[in-house]
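Comments concern the structure below.
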Amino acid sequence: MEFRQLGRSGLRVPVLAFGTATFGGGNDFYRAWGSTDVAEAKRLVDLCLDAGVSFFDTANSYSTGMAEEILGAAIAGRRQDIILASKATFPMGPGPNDAGSSRHFLRRACEDSLRRLRTDHIDVYYMHGFDENTPVEETLKALDALVTSGKVTYVACSNFSGWQLMKSLAISDRYGWAPYVAHQAYYSLVAREYEWELMPLAIDQGVGTVAWSPLAG
């Protein structure tokens with residue numbers, strides 16, 4: 001398996017990652033993708049590790065936590081062999097503070113993800129999308145606190161526009177906070193908008209790119 005540097009971080013990751021949005025099938029939306037249970041997830045994790053794919057990607061919103069729970073059970077006893085990524089921002093409940101990238105939500109979301117994943121740290125923690133209702137400074141300071149506490153090793157973002165990512169990088173640099181080391185973006189042969197602005201930005205700023213849906217679904 002080929003490994004590459006994740007942005008300007010010191011972390012090396014395999015060129016292939018395994019996404020777990022098919023784990024759980026907790027509602028009609030996710031059942032259309034899959035409903036992998038713990039037994040099947042363990043088999044898939046075994047296949048991945050045998051092939052050198054040690055980078056596993058999940059999110060708290062995948063089947064409202066079920067995907068994290070299933071992945072946590074599937075990797076039990078093998079955490080040291082795995083690079084684990086999860087995400088927060090998308091809704092986890094009906095309440096006004098059950099979504100977003102506020103300090104209030106991220107602190108709770110991270111703790112909940114750690115519990116479901118049965119681990120004491122998340123290697124790469126993404127903001128699943130940009131929260132226009134929360135000051136960027138608040139989000140980045142909250143993420144920096146998670147890094148300082150050891151609960152998160154690296155922070156990253158997903159589905160950001162160019163200005164959203166660049167503003168975040170500038171603020172992290174200004175205050176010396178942990179920067180986004182990677183951007184998870186939609187990129188495939190049939191969806192190449194990433195090349196217009198986000199690819200030049202990533203090259204210029206040294207931000208790693210993790211492509212989601214590289215086969216266009």
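Along the sequence shown, residues are numbered consecutively beginning with 1.
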side-chain contact (heavy atoms from CB on, under 4.5 Å) between Tyr175 and Leu140, intermediate numbers included: CA-CA 10 Å; Tyr175 293 105; Leu140 294 171; over 6 Å; no

Could you pull out all donor-acceptor pairs under 3.5 Å where a side-chain atom in residues 80-97 meets a protein atom, sequence neighbours excluded?
from, atom 1, to, atom 2, distance (Å)
Ser86, OG, Glu68, OE2, 2.5
Lys87, NZ, Asp57, OD1, 2.5
Lys87, NZ, Asp57, OD2, 3.4
Lys87, NZ, Thr58, O, 2.9
Lys87, NZ, Tyr62, OH, 3.2
Thr89, OG1, Ser101, OG, 3.1
Thr89, OG1, His128, N, 3.3

Spacing of [atom1] belonging to [X] relative to [atom2] belonging to [Y], to within rounding of 0.5 Å:
X      : Y      : atom1 : atom2 : result
Leu198 : Ile203 : CG    : CD1   : 11.0 Å
Leu201 : Met166 : CG    : CE    : 6.0 Å
Lys42  : Thr36  : NZ    : OG1   : 14.0 Å
Met66  : Arg116 : CE    : CZ    : 11.5 Å
Arg108 : Ser102 : CZ    : OG    : 8.5 Å
Gln164 : His183 : CD    : NE2   : 8.5 Å

side-chain hydrogen bond (donor to acceptor under 3.5 Å, both in side chains) pairs, two or more places apart, involving residues 196-206: none

Residue list, side-chain contact (heavy atoms from CB on, under 4.5 Å) with Trp33, at least two apart or on another chain: Ala21, Thr22, Phe29, Tyr30

side-chain contact (heavy atoms from CB on, under 4.5 Å) partners for Arg12, two or more places apart: Phe3, Gln5

Atom pairs and distances, side-chain donor-acceptor, residues 141-148, under 3.5 Å, sequence neighbours left out:
from, atom 1, to, atom 2, distance (Å)
Asp144, OD1, Ala178, N, 2.8
Thr148, OG1, Asp144, O, 3.0

Using a side-chain heavy atom cutoff under 4.5 Å and only I, L, V, M, F, W and Y, what cluster partners does [X] have?
X      : answer
Trp212 : Tyr186
Val190 : none
Leu215 : none

Do the non-hydrogen side-chain atoms of [X] and [Y] ever get within less than 4.5 Å of each other?
X      : Y      : result
Met1   : Val15  : yes
Phe56  : Leu71  : yes
Phe130 : Leu165 : no
Thr209 : Tyr194 : yes
Phe105 : Asp131 : no

Exceeds 12 heavy-atom contacts within 6.0 angstrom, atom CZ of Arg115: yes

Cluster link [X] to [Y], ILVMFWY, side chain under 4.5 Å:
X      : Y      : value
Val152 : Phe55  : no
Val13  : Tyr154 : yes
Leu106 : Val181 : no
Ile122 : Val155 : yes
Val210 : Leu169 : no

Nearest atoms (heavy-atom pairs only) where Ala73 meets Arg118: CB-NH2, 3.6 Å

Shortest non-hydrogen separation from Leu49 to Ser54 and the atoms involved: CD2-CA, 4.0 Å

N-O pairing of Arg79 and Asp123 below 4.0 Å: yes

Ion pair check, Arg43 and Glu40, cut-off under 4.0 Å: yes

Pairing residues for Tyr180 by the ring-ring contact (aromatic ring centres under 6.0 Å, His included) criterion, not counting sequence neighbours: Phe160

Residues in side-chain hydrogen bond (donor to acceptor under 3.5 Å, both in side chains) contact with Glu137, at least two apart in sequence or another chain: none

Residues which pass side-chain hydrogen bond (donor to acceptor under 3.5 Å, both in side chains) with Arg107, listed by chain and number, not counting sequence neighbours: none

Gly26 backbone acceptor or donor facing Ser63 side chain under 3.5 Å: yes

Any pair counted as salt bridge (Lys or Arg N to Asp or Glu O under 4.0 Å), so long as it reaches residues 170-193, sequence neighbours left out: Arg192-Glu195

Ser113 side chain to Tyr125 side chain, donor-acceptor N/O pair below 3.5 angstrom: no

